Amino acid sequence: MKDEARQQIYAAIHSVPMGRLCSYGKIAELAGQPGKARYVGRLLSQLPKDTRLPWFRIVNSQGKISFPHDSNSYQRQLSHLIEESSAEESGRLHWRQCRWPE
DNA sequence: ACTTTGACTTGAA
DNA sequence: TTTCAAGCCAAAG
């Protein structure tokens with residue numbers, strides 16, 4: 001049961017198109033686990049370094065990266081998004097234009 | 001076994 | 001606009 005929920009979450013993340021963004025809460029919802037945004041975040045924090053999952057397309061409900069601005073993780077995610085044109089050079093995310101679904 | 005801690009969200013103040 | 005409390009719940013201490 002718990003494994004199934006996890007798989008659903010992974011599937012939901014895989015479904016986020018390149019160049020678009022989605023929130024933790026929305027992923028949880030798409031995975032059939034409404035209200036479990038934190039669970040999504042926990043799973044992402046446990047992903048292996050070589051994962052194929054587009055974890056960098058997941059941001060918080062405010063369209064911001066959920067990492068301290070001074071952390072490596074923040075920079076790592078931002079550069080991934082910039083490569084996909086999901087962000088501006090200023091580091092500001094195009095949440096409105098990239099949010100997904102619609 | 002109990003408390004704290006998060007890659008979170010939402011609504012009310 | 002920012003702040004707060006409550007809901008969430010597995011993992012870490």
Side-chain angles (χ1 to χ4, degrees):
Chain A
M1 187 60 186
K2 192 158 43 178
D3 280 347
E4 188 183 330
R6 197 181 65 220
Q7 292 309 316
Q8 302 246 48
I9 289 174
Y10 288 153
I13 294 175
H14 269 305
S15 75
V16 181
M18 177 162 78
R20 308 305 282 299
L21 298 175
C22 194
S23 70
Y24 296 86
K26 192 63 183 177
I27 289 297
E29 188 183 316
L30 293 173
Q33 308 295 314
K36 300 185 180 178
R38 284 194 109 122
Y39 184 46
V40 174
R42 182 150 6 88
L43 287 186
L44 293 194
S45 73
Q46 301 172 341
L47 288 175
K49 188 179 180 181
D50 59 355
T51 183
R52 178 173 80 72
L53 218 64
W55 55 269
F56 44 83
R57 296 180 191 143
I58 311 305
V59 297
N60 63 35
S61 65
Q62 293 168 50
K64 297 175 183 175
I65 291 176
S66 292
F67 277 121
H69 293 340
D70 57 0
S71 69
N72 296 51
S73 299
Y74 180 91
Q75 288 304 326
R76 195 153 30 96
Q77 180 168 11
L78 182 57
S79 55
H80 268 294
L81 293 178
I82 289 178
E83 282 183 57
E84 293 194 335
S85 303
S86 293
E88 298 179 333
E89 290 181 26
S90 66
R92 196 169 208 174
L93 306 180
H94 291 168
W95 173 242
R96 281 180 167 169
Q97 298 164 30
C98 300
R99 114 185 286 168
W100 183 88
E102 300 313 318

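Remember, it's a predicted structure, so these values are computed and weren't measured experimentally. Lettering follows sequence order; numbering is per chain, from 1.
One distance of note links OG of A:Ser79 with CD of A:Glu84; it measures 11.0 Å at 0.5 Å rounding. The CD atom of A:Glu83 sits 10.5 Å away from atom CG of A:Leu78, with the distance rounded to the nearest 0.5 Å. Taking CD1 of A:Ile65 as the start and CD of A:Gln75 as the end, the distance is 8.0 Å to the nearest 0.5 Å. Annotation: the span from A:Trp100 atom CH2 to A:Lys26 atom NZ amounts to 9.0 Å, rounded to 0.5 Å. Put simply, CZ on A:Arg42 and CD on A:Gln46 are 7.0 Å apart, with the number rounded to the nearest 0.5 Å. How far OH of A:Tyr24 is from CD1 of A:Ile13: 9.0 Å, rounded to the nearest 0.5 Å.
For the pairing with A:Ile9, the side-chain contact (heavy atoms from CB on, under 4.5 Å) check across A:Leu43, A:Leu44, A:Leu53 returns one residue only, A:Leu43.
Looking at DNA chain B, the stems built from 3 or more consecutive Watson-Crick or G-U wobble pairs, each pair with its key distances under 3.5 Å, are B:2-6 with C:9-13, B:8-13 with C:2-7.
A pairwise comparison of heavy atoms in A:Gly19 and A:Cys98 identifies O-SG, 3.3 Å as the closest pair. Of all heavy-atom pairs spanning A:Phe67 and A:Tyr74, the tightest one is O-CD1, 3.5 Å. Between A:His14 and A:Pro54, the shortest heavy-atom contact is ND1-CD, 3.8 Å. Minimum heavy-atom separation, A:Ala12 to A:Ser15: O-OG, 2.5 Å.
The interatomic distance linking A:Asp70 (CG) with B:dA7 (P) rounds to 13 Å, in whole Å. Spacing between atom OH of A:Tyr74 and atom C1' of B:dA7 amounts to 13 Å, rounded to whole angstrom units. Atoms CD (A:Gln33) and P (B:dC8) sit 18 Å apart, rounded to a whole Å.
A:Arg99 is linked by a side-chain hydrogen bond (donor to acceptor under 3.5 Å, both in side chains) to nothing, counting only residues two or more places apart in sequence or in another chain.
Within residues 6-14 of chain A, no residue approaches DNA chain B, by heavy-atom distance under 4.0 Å. Of all the residues in residues 42-49 of chain A, A:Arg42, A:Gln46 reach under 4.0 Å from DNA chain C with at least one non-hydrogen atom.
Under the 30°/60° scheme for interplanar angles, the aromatic rings of A:Trp55 and A:His80 are found to stand perpendicular.
Taking atom P in both C:dA6 and B:dA7, the straight-line distance is 23 Å, to the nearest Å. Taking atom P on both nucleotides, B:dT4 is separated from C:dA5 by 16 Å, rounded to a whole Å.
Between the side chain of A:Gln77 and the main chain of A:Phe56, a donor-acceptor pair closer than 3.5 Å is present.
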Quiz prompt | side-chain contact (heavy atoms from CB on, under 4.5 Å) between A:Tyr10 and A:Leu47, intermediate numbers included | solution = CA-CA 10 Å; A:Tyr10 288 153; A:Leu47 288 175; 4.0 Å; yes

Report, one pair per line, the protein and nucleotides 9-13 of chain B atoms (nitrogen or oxygen only) whose separation is under 3.5 Å.
residue : atom : partner : partner atom : Å
B:dT9   : OP1  : A:Tyr24 : N            : 3.4
B:dT9   : OP1  : A:Gly25 : N            : 3.4
B:dT9   : OP1  : A:Ser61 : N            : 3.1
B:dT9   : OP2  : A:Ser61 : N            : 2.7

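The outermost nucleotides of DNA chain C lying under 4.0 Å from heavy atoms of chain A, listed 5' to 3', are C:dG7 to C:dA11.
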